[in-house]
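As the structure lists them, so they are numbered: ligands from 1, and atoms in each ligand from 1.
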Amino acid sequence: MTTLIINIKELLQVRETTIAKVSGAEMAILPTIKNAFLVIKDNLIADFGSMDQLPKIHPDKTIDATGKIVLPSWCDSHTHIVYAGNREQEFVDRINGLTYEEIAKRGGGILNSARKLNETSENELYDQSKVRLEEVMRLGTGALEIKSGYGLTVEGELKMLRVIKRLAQNYPITIKATFLGAHAFSSEFKENHQGYIDLIINEMLPAIAKEKLADFIDVFCETGYFTVAETQQIMEAGIKFGLKPKIHVNQFNSIGGIQVGVQQEALSVDHLEVMTINDIESLKNTTTMPVALPSCSYFLSIPYAPAREMIAAGLPIALATDYNPGSTPSGNMNFVVATACIKMKMMPEEAINAATINGAYAMGISYTHGSITIGKKANLILTQPIPSYYQLPYAFGSNLIDTVFIEGKIVT
Ligand code: NIG
Ligand code: FE
């Protein structure tokens, strides 16, 4: 099946040869072709270029994109979309003055979601989660990472990871699975941290490896959750099972999570709302992608990751949603891109790079996703007619998407 898209007003994120990521000043460069065509053959990008060089082909279908922009679909490298129920009550409690941390201290937060998850059957969890997956696909996400971490028991964590595997099998979207058993300590292990870490290392990890349920390992490295030493121990164990680390750090406090992540060659360090100069220094000349989650800052009214300082230091940045029931009940990458521009002062070009090629890097898939390159997956967003791509962050509350393609197929 060949689809030809013609008269594209502007084709964004065009890379003749594959790149892994863009960093520092390069992030402001978004290569484009105006008045372009693009050919999709089956699930891949087969050709693209300027309309003056349109080859003579006989497509099965032609789409006229006059006035419309085409870009790679979003690569959302950090989500927790497999969860049970919701935490609307905590949202209202926060409106009434409680903080996210106070709610967690009184047994709410992650433990609240863990209680709900452990009471929910695997089929019911799948049904709730697929609704969110279908929603984000319609919003232009073409690849995403999903974490466990609301089980906190062997059965609960395996249940979540099996649901992620089923989603990956049943939908065309590329899904990467991350084991986040080290998300919180349940009340059973409140006073026995090493007991829970032993459970992660000796029971959860071998079972996960046996069923090949995860690609990555994550730890919530934060005051009141996992210490730097505990984070290191868990990451090292995960690495032994072939899981590369991608970790939660610096959401509320800078306690050394970035340094230990870099030392363990983490693929990404995520959140970064609280960053010291030393944290930024530690990320220089590393293979670790810093990932910012602006919708989380928005929803919790906490600081935003200091994007300008990080880019000025030559670092790359990826943007992701963090879609989860507690700190970010939204999987809208369009909102993430807009919020990065509005609140973090990222340029539209930087934000689009961060949400496409750098997001792909943060999932280890930048050789197949995240740019318009021949041979990459035909994962595309076709916008409605818009004056320029600035409209994407500028009209932050509007849905500017006309059509989403994932692996060459239209998402409905
Ligand atoms: O990335 N910070 C840790 N984990 C999630 C939130 C978890 C929750 O509140 O349910 C996050 O924000
Ligand atoms: Fe998260």
Side-chain angles (χ1 to χ4, degrees), residues 76-91 93-94 98-118 120 128-129 132 136 144-152 156-157 160 164 176-186 216-226 230-231 234 245-255 257 261 266-274 289-305 318-331 333 336 359 362-363:
D76 187 355
S77 66
H78 181 139
T79 83
H80 312 244
I81 70 161
V82 171
Y83 60 83
N86 65 63
R87 305 229 298 270
E88 288 169 354
Q89 185 53 51
E90 292 180 6
F91 168 60
D93 292 343
R94 284 196 301 104
L98 284 179
T99 66
Y100 179 79
E101 285 148 306
E102 284 163 352
I103 289 168
K105 272 205 188 101
R106 61 173 200 186
I110 295 167
L111 298 188
N112 181 359
S113 288
R115 268 190 301 275
K116 291 188 166 81
L117 188 128
N118 283 301
T120 303
Q128 291 188 24
S129 305
R132 296 178 201 116
V136 303
L144 92 162
E145 179 257 20
I146 310 176
K147 300 174 192 297
S148 69
Y150 292 122
L152 310 181
E157 289 296 310
M160 288 188 78
I164 298 171
K176 292 286 175 182
T178 300
F179 169 51
L180 175 56
H183 201 187
F185 292 98
S186 65
F216 305 116
I217 182 143
D218 194 348
V219 182
F220 186 16
C221 181
E222 182 58 64
T223 308
Y225 294 84
F226 291 80
E230 289 165 350
T231 301
I234 296 159
K246 272 171 76 63
I247 58 174
H248 282 73
V249 297
N250 292 50
Q251 183 176 7
F252 301 107
N253 299 281
S254 169
I255 60 170
L267 184 58
S268 70
V269 285
D270 303 30
H271 269 289
L272 315 180
E273 288 88 341
V274 178
M289 176 64 69
V291 179
L293 309 167
S295 309
C296 175
S297 299
Y298 177 85
F299 190 71
L300 293 186
S301 301
I302 60 175
Y304 288 83
L319 289 167
T321 62
D322 198 19
Y323 194 173
N324 76 75
S327 71
T328 323
S330 163
M333 281 294 284
V336 165
M363 289 185 270

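His248 contributes atom NE2 as its closest N/O/S atom to the Fe ion (ligand 2).
Which of Phe220, Tyr100, Phe299 comes nearest to atom 7 (C) of ligand 1 through a heavy atom is settled by distance: it is Tyr100. Comparing heavy-atom distances from atom 2 (N) of ligand 1 across Gln251, His80, His78 singles out Gln251 as nearest.
The angle His78:NE2 - the Fe ion (ligand 2) - His80:NE2 amounts to 100°, with values rounded to 10 degrees.
Here the protein heavy atom with the shortest distance to atom 4 (N) of ligand 1 is His183 NE2, 2.8 Å. Looking at atom 10 (O) of ligand 1, its nearest protein heavy atom turns out to be Tyr150 OH, 2.6 Å. If you check which protein heavy atom lies closest to atom 12 (O) of ligand 1, you get Ser327 OG, 2.6 Å.
Of all non-hydrogen atoms in Leu152 and Ala114, the two that sit nearest each other are CD1-CB, 3.9 Å. Here the closest heavy-atom approach between residue Pro325 and residue Tyr83 is recorded as CD-CD2, 3.3 Å. Scanning all heavy atoms of the two residues, the minimum distance from Leu319 to Met333 falls at O-CE, 3.4 Å.
In terms of N/O distances under 3.5 Å, ligand 1 is approached by Asp322.
Here the rule is side-chain contact (heavy atoms from CB on, under 4.5 Å) with Tyr323, and of Val136, Thr328, Leu293, Ile146 only Val136 fits it.
Residue His271 approaches ligand 1 through these ligand atoms, each under 4.0 Å from one of its heavy atoms: 1 (O), 2 (N), 11 (C), 12 (O).
Ring-plane geometry between His271 and His248 is classed as tilted, the angle between the planes lying from 30 to 60 degrees on a 0 to 90 degree scale. Between Phe91 and Phe299, the ring planes lie parallel to each other; the angle is under 30°, not in the 30° to 60° tilted range.
Contact annotation: Asp322 places an N, O or S atom under 2.8 Å from the Fe ion (ligand 2).
Distance check, rounded to the nearest 0.5 Å: OH of Tyr225 to NE2 of His183 gives 7.5 Å.
Contact annotation: Tyr225 has no heavy atom less than 4.0 Å from any atom of ligand 1.
At a heavy-atom cutoff of 4.0 Å, ligand 1 is contacted by no atom of Glu222, backbone or side chain.
Centroid-to-centroid, the aromatic rings of Tyr304 and Tyr298 stay 6.0 Å apart or farther.
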